[in-house]
Protein chains: 2
Amino acid sequence: MQISSAESMLMQALWDRHPQSADELIRTLGPAQGWHESTIKTLITRLLQKQAIVAEKDGRRSLYAPLLTRDEWIADQSESLLDRVFGGRVAPLVAHFAEHRKLSRKDLAELKQLIAEIDDAD
Amino acid sequence: MQISSAESMLMQALWDRHPQSADELIRTLGPAQGWHESTIKTLITRLLQKQAIVAEKDGRRSLYAPLLTRDEWIADQSESLLDRVFGGRVAPLVAHFAEHRKLSRKDLAELKQLIAEIDDAD
DNA sequence: CTGCATGGTTTACATCCGTAGACTTTCGGC
DNA sequence: GCCGAAAGTCTACGGATGTAAACCATGCAG
């Protein structure tokens, strides 16, 4: 089951903090995304159907929490880009960002660090 | 205007070789993607509408060529993932692939090379 | 007890997408 | 000049998505 782009905004909110009531989601996401109350209700319903979140009763209302983990989602999205766009190879992807000067000095440092670690682990 | 996933398959074919006639596209993509002739015709039409490709008359038929460049598309797709999933930062993205052992030895070598080059250019 | 607020469910609707059939136009061969 | 194949255009249709209104249930305040 696929999480749509609007739905993923709601997931992000829940990954950042959970559980949250519909009301909380509405109050934070509404303004942030320019969504009406109903829109958020719909997204909640769809995410429940997709079993990306669960509802836990808390008296009259429900508290929602993610079922799909952020990591699973990130992995999924990344895989998809990698396969669709870069033929499954990582280096071209990084090269792309490098060429387009999307690599900040900090990114570079982190990358070096990362590569060193991987080398060590090898 | 957004290029859909099926449409991007057709774009890939045109980026690899252009111009191509509808017939050629049908004969290569049809089997490869399991698409019927009509499907490919539709995709061509939609891509023309989206101005992602152009038609150049060649007698009775047309030859199609990309207008949107592969690089533009790649940049677009990558940006989108980066923003939607990684908050716009590259290192976490690469870290993700590293953690999930998606980095082949070859990727690693290429990455090191890449970083060295960037460092030099600095 | 009873109506209202609050939260949840149903319905709505335009657009995009994947997939494809039907119809139309036109050029080249007979 | 006419007909059929090839190319292109129009129509279709179900599912997903973005966006939201309408409606329903239910427990709390009065």
Side-chain angles (χ1 to χ4, degrees), chain A residues 1-14 18-65 68 73 76-77 80 83-85, chain B residues 1-14 18-65 68 73 76-77 80 83-85:
Chain A
M1 196 71 70
Q2 219 28 60
I3 301 305
S4 85
S5 148
E7 285 159 6
S8 79
M9 296 292 124
L10 205 154
M11 291 304 291
Q12 301 271 14
L14 284 183
H18 58 259
Q20 282 191 67
S21 66
D23 184 51
E24 288 174 281
L25 289 168
I26 286 166
R27 270 181 299 115
T28 54
L29 281 178
Q33 306 290 329
W35 284 336
H36 281 221
E37 182 188 344
S38 317
T39 303
I40 298 177
K41 287 182 184 177
T42 301
L43 292 176
I44 292 177
T45 304
R46 290 187 183 162
L47 284 169
L48 282 170
Q49 267 160 16
K50 295 184 179 184
Q51 294 186 283
I53 64 179
V54 258
E56 169 208 354
K57 267 272 169 281
D58 169 44
R60 40 135 78 323
R61 69 200 186 145
S62 294
L63 295 180
Y64 302 97
L68 175 71
W73 178 72
D76 196 80
Q77 299 290 302
S80 151
D83 290 345
R84 280 187 310 110
V85 180
Chain B
M1 194 73 70
Q2 220 27 62
I3 302 304
S4 83
S5 145
E7 285 159 7
S8 79
M9 296 292 124
L10 204 155
M11 291 304 291
Q12 299 273 13
L14 283 184
H18 59 260
Q20 282 191 65
S21 66
D23 184 52
E24 289 173 282
L25 289 168
I26 286 165
R27 269 181 299 113
T28 54
L29 281 178
Q33 305 291 327
W35 285 335
H36 281 219
E37 183 188 343
S38 317
T39 302
I40 297 177
K41 287 182 183 176
T42 301
L43 293 176
I44 291 177
T45 303
R46 291 186 183 162
L47 285 169
L48 281 170
Q49 268 160 16
K50 296 185 179 184
Q51 295 186 282
I53 64 178
V54 258
E56 169 208 354
K57 266 274 169 279
D58 170 44
R60 31 114 107 321
R61 69 198 187 150
S62 294
L63 294 181
Y64 302 96
L68 175 71
W73 178 71
D76 195 81
Q77 299 289 303
S80 152
D83 290 346
R84 281 188 309 111
V85 179

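Residue numbers start from 1 in every chain, and the chains themselves are labelled A, B, ... in the order their sequence lines are given, proteins ahead of strands.
- In this structure, B:Ser62 and B:Lys57 approach most closely via the heavy-atom pair OG-NZ, 3.1 Å.
- Computed from coordinates, the A:Ile3 CD1 to D:dG18 P distance equals 11 Å when rounded to whole Å.
- Both A:Gly59 and A:His36 lie near DNA chain D, and the one whose nearest nucleotide falls closer to the 5' end is A:His36.
- No donor-acceptor pair closer than 3.5 Å links the side chain of A:Ser80 to the backbone N or O of A:Asp76.
- Look at CZ on B:Arg61: it is 12 Å from P on C:dG28, rounded to the nearest Å.
- Within 4.0 Å of A:Ser21, counting heavy atoms only, lies no atom of the nucleic acid at all.
- D:dT19 atom P lies 8 Å from atom CG of A:Leu43, rounded to whole Å.
- With hydrogens and angles ignored, a donor-acceptor pair under 3.5 angstrom links the side chain of B:Ser38 to the base of C:dG21.
- Side-chain atoms of A:Gln77 never come within 3.5 Å of backbone atoms of B:Val85 as a donor-acceptor pair (strictly under, hydrogens ignored).
- Close to D:dG18, at under 4.0 Å from its OP1 or OP2, lies no side-chain N or O of A:Trp35.
- Counting to the nearest Å, the P atom of D:dG8 and the CD atom of B:Glu56 are 12 Å from each other.
- When each of C:dT19, D:dT19, C:dG28 is scored by its nearest atom to the side-chain atoms of A:Thr42, the top-ranked nucleotide is D:dT19.
- Contacts of A:Ser4 with the nucleic acid, taken as non-hydrogen atoms under 4.0 Å apart, involve only primed sugar atoms and P, OP1 or OP2.
- Listed for the A:Ser8 side chain is no donor-acceptor partner under 3.5 Å among the backbone atoms of A:Met11.
- Here the P atom of nucleotide D:dG8 and the CG atom of B:Leu48 are 9 Å apart, to the nearest Å.
- Between C:dG18 and B:Thr39, no contact under 4.0 Å exists linking OP1 or OP2 to a side-chain N or O.
- Take the nearest nucleotide of DNA chain D for A:Lys41 and for B:Glu37: the residue whose nucleotide is more 5' is B:Glu37.
- The base of C:dT19 is paired with the side chain of B:Arg46 by a donor and an acceptor separated by under 3.5 Å.
- Contact annotation for B:Lys50: backbone-only contact, meaning every heavy-atom pair under 4.0 Å involves sugar-phosphate atoms and none involves a base.
- Whole-Å rounding puts the B:Ile40 CD1 to C:dC17 P distance at 18 Å.
- Rounded to a whole Å, the CD1 atom of A:Ile44 is 15 Å from the P atom of D:dA20.
- The CG-C1' distance, from B:Asp58 to D:dA6, rounds to 14 Å in whole Å.
- A:Tyr64 has no side-chain polar atom (N or O) that falls below the 4.0 Å cut-off from OP1 or OP2 of C:dG7.
- Listed pair A:Ser62 / C:dG8 meets the phosphate criterion, a side-chain N or O lying under 4.0 Å from OP1 or OP2.
- Judged by distance alone, the side chain of A:Gln12 and the main-chain N or O of B:Arg84 form a donor-acceptor pair under 3.5 Å.
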